[in-house]
Amino acid sequence: MKIPVICTTVLVEKSPQAIPLGAACIASSIKNNEYLAKQCDVSLFAISQEDETFCQEFYTNQLIQKCNNQKGIICFSVFVWNRIFLEKTSSFLRKKGFITIAGGPEVTANPNSFSDFDYLVCGQGEESVPQLIEKIIKNNLQTSNVNPHIIPSSKVQVENLTSPYLDGTLNLKEYDGALWELARGCPFSCSYCYESKGEKKVNLFPQERLEKELDLFAKENISQVFVLDPTYNANKQRALHFLNLIAKKTPNTFYYFEARAEFIDKELARAFTKFPCAVQIGLQSSDENVLKLVNRNFDKNKFLKGINHLNQEGVIFGFDLIYGLPGESLQGFKKGIDFALSLYPNNLELFCLSVLPGTDLADRADDLHLNYQKEPPYHVINTKLFSEKDMKIAKEISNACTFFYNQGRAVAWFNSVCKVLKVKPSAFFENFSKYILDNSIQTDCDFSHKQIEKIQLEFVKKQLEQKNLKKYILLSQDLIVLNGALSRTTDTGIFETVNLNYSAEYLLSPYASDFEFFVKNVKVKPNKVNTKNLY
């Protein structure tokens with residue numbers, strides 16, 4: 001009877017982006033090992049923290065059942081969000097006689113902090129995990145209660161790796177999406193990243209493999225692909241080549257890229273328009289001195305030039321900002337928000353800094369006056385310039401931005417509203433965060449866009465009334481309602497009819513960005529319009 005081997009993880013959410021790729025890569029490498037293919041029954045198992053059945057007991061029982069009550073080998077893929085949960089699971093399984101192996105970023109960063117696994121595999125595991133399992137089988141090794149054995153990192157040749165998509169380890173239909181590895185490694189050394197102590201080298205997957213995966217994506221007709229390449233456009237010609245290939249093979253699939261704005265020119269920006277996609281850009285801070293403290297370069301002029309190319313070509317893009325960075329205050333974080341939103345991103349993702357173990361930032365935390373949680377998620381508590389109270393305010397502003405701007409799809413009209421209110425975006429969100437609290441709005445609940453729109457309408461109206469700007473209420477309501485309907489039609493394909501106070505033609509023109517000019521020169525004319533007539 002074959003020995004059961006399960007490669008498993010706990011996902012942070014249920015979405016096409018939450019795919020157990022790391023565990024699947026290990027499962028694929030075990031299945032394609034000639035010796036282990038004869039000795040082992042390999043399977044992939046993942047659950048999400050958002051599953052209704054998610055709990056320690058269910059997960060553990062599922063692993064035991066999948067081993068058919070045999071004493072199998074369980075390979076865990078460990079991340080910040082699942083570490084504690086997986087440690088408890090492993091501790092229980094070891095007592096039952098199972099052998100447990102852990103790998104992933106958390107293990108690689110600080111293996112000596114783990115005690116609840118039999119083996120800890122550092123670095124990429126596609127070669128070392130099969131070798132370890134082969135050794136376990138041949139030597140009839142058993143689980144023990146001693147400290148885990150640490151398997152040091154070994155170099156992996158990416159051209160020799162098997163694809164979990166092509167060999168069927170990952171079922172694309174199950175997720176309706178894919179995490180697509182084009183490369184491993186990063187040419188940069190940002191202090192807060194697990195790559196901060198890496199080789200600063202990028203290892204590219206073979207083009208033949210990537211083309212076959214693209215063909216599979218096309219065959220399965222998946223809806224979206226998240227490209228795993230931390231700086232997709234580090235090599236412009238390679239970036240252009242794959243953009244053209246994607247446009248040719250999967251023109252209807254939505255792609256997500258991570259890119260550096262400084263490397264975007266007009267040609268590259270235009271190439272992003274050949275198929276549906278979005279580009280996420282790690283701004284992190286708008287303060288060059290703050291970014292220097294975390295080993296990140298920032299050329300504001302080149303950055304603005306790259307973003308201008310994206311805006312001119314109509315590319316969907318968003319920014320990432322971090323609060324709690326060394327050398328930055330709450331005021332500096334707010335300036336970053338104001339700078340970012342002045343460039344009209346489609347989304348602005350705001351994160352609390354995590355001081356990840358094993359990173360350069362963790363090594364320098366004391367010198368940089370970073371007080372942070374010593375267990376996952378390792379969030380900063382306070383810094384020399386960012387008090388604990390200010391961190392709480394930053395979190396509230398971040399939640400307000402996520403709800404009002406991102407989930408509320410406010411990019412088309414947000415800056416115009418801020419302009420007429422004479423308020424900066426960060427102050428707008430701070431005011432909205434107080435409004436959320438005063439009205440007991442639970443922003444972490446599952447709101448529909450229509451529900452968020454209603455809250456937007458009420459809040460903007462109150463803000464205009466408080467500043468004696470009632471004459472702009474009808475225009476603000478029209479812009480919110482019309483653009484909201486258009487975004488939902490784009491999202492669902494369902495046309496909507498909306499009631500307006502002004503002509504849709506004028507509302508969708510550049511004139512609507514200047515509230516004072518618009519209200520002076522455009523007459524109120526109540527009407528109905530169907531979004532079908534606006535495409």
Exercise: do Thr9 and Asn82 side chains pair donor with acceptor under 3.5 Å: yes
Can you confirm whether the side chains of Asn399 and Thr443 place a donor and an acceptor under 3.5 Å from each other? no
We want to know whether Glu349 and Asn347 form a side-chain donor-acceptor pair, criterion being a heavy-atom distance below 3.5 angstrom. yes
Report yes or no: do Asn382 and Ser387 form a side-chain donor-acceptor pair below 3.5 Å? no
Answer yes or no: is there a donor N or O on one side and an acceptor on the other, between the side chain of Thr108 and the main chain of Gly123, under 3.5 Å? yes
Ser28 and Asp167: side-chain donor and acceptor closer than 3.5 Å? yes
Does Asp215 pair with Lys249 as a salt bridge, N-O distance under 4.0 Å? yes
Just checking Phe403 against Phe447, ring centres under 6.0 Å apart? yes
CA sep, side-chain torsions, deciding dist, call: Asp229, Arg184, salt bridge (Lys or Arg N to Asp or Glu O under 4.0 Å): CA-CA 7 Å; Asp229 189 332; Arg184 287 188 183 175; over 6 Å; no
Answer yes or no: is there a donor N or O on one side and an acceptor on the other, between the side chain of Asn233 and the main chain of Arg260, under 3.5 Å? yes
What I want to find out is whether Lys392 reaches Glu388 closely enough, with some N-O distance under 4.0 Å, to be called a salt bridge. no
May I ask you to decide if His379's main-chain N or O and Gln373's side chain share a donor-acceptor pair within less than 3.5 Å? yes
Ignoring hydrogens and angles, tell me if any N or O in the side chain of Ser223 forms a donor-acceptor pair with the backbone of Asp176 under 3.5 Å. yes
Could you tell me whether the side chains of Gln207 and Glu211 share a donor-acceptor contact shorter than 3.5 Å? yes
Do the side chains of Lys14 and Asp51 get close enough for a salt bridge, i.e. N-O under 4.0 angstrom? yes
Answer with yes or no whether the side chains of Ser48 and Glu50 bring together a donor and an acceptor at under 3.5 Å. no
Looking at Glu159 and Arg209, does any basic side-chain N land under 4.0 Å from a carboxylate oxygen? no
Indicate whether the side chain of Ser43 and that of Lys66 have a donor and an acceptor atom separated by less than 3.5 Å. no
Tell me, do Tyr378 and Lys374 make a side-chain contact under 4.5 Å, heavy atoms counted? no
Validation row, ring centre Phe319 to ring centre Phe303 under 6.0 Å: yes
Any donor-acceptor N/O pair, Ser91 side chain to Glu87 backbone, under 3.5 Å: no
Taking Ile222's backbone N and O only, do any of them form a donor-acceptor pair with Thr253's side chain (distance below 3.5 Å, no angle check)? yes
For Ser189 and Asn295, does a side-chain donor sit closer than 3.5 Å to a side-chain acceptor? no
Can you find a side-chain donor-acceptor pair between Arg364 and Thr359 that sits under 3.5 Å? no
Hey, are Asp320 and Gln284 close enough side-chain-wise for a donor-acceptor pair under 3.5 Å? no
Would Glu213 and Trp180 count as having a side-chain donor-acceptor pair, cut-off 3.5 Å? yes
Kindly assign one of parallel, tilted or perpendicular to the pair Phe386 and Tyr323, based on the angle between their ring planes and the thresholds 30° and 60°. tilted
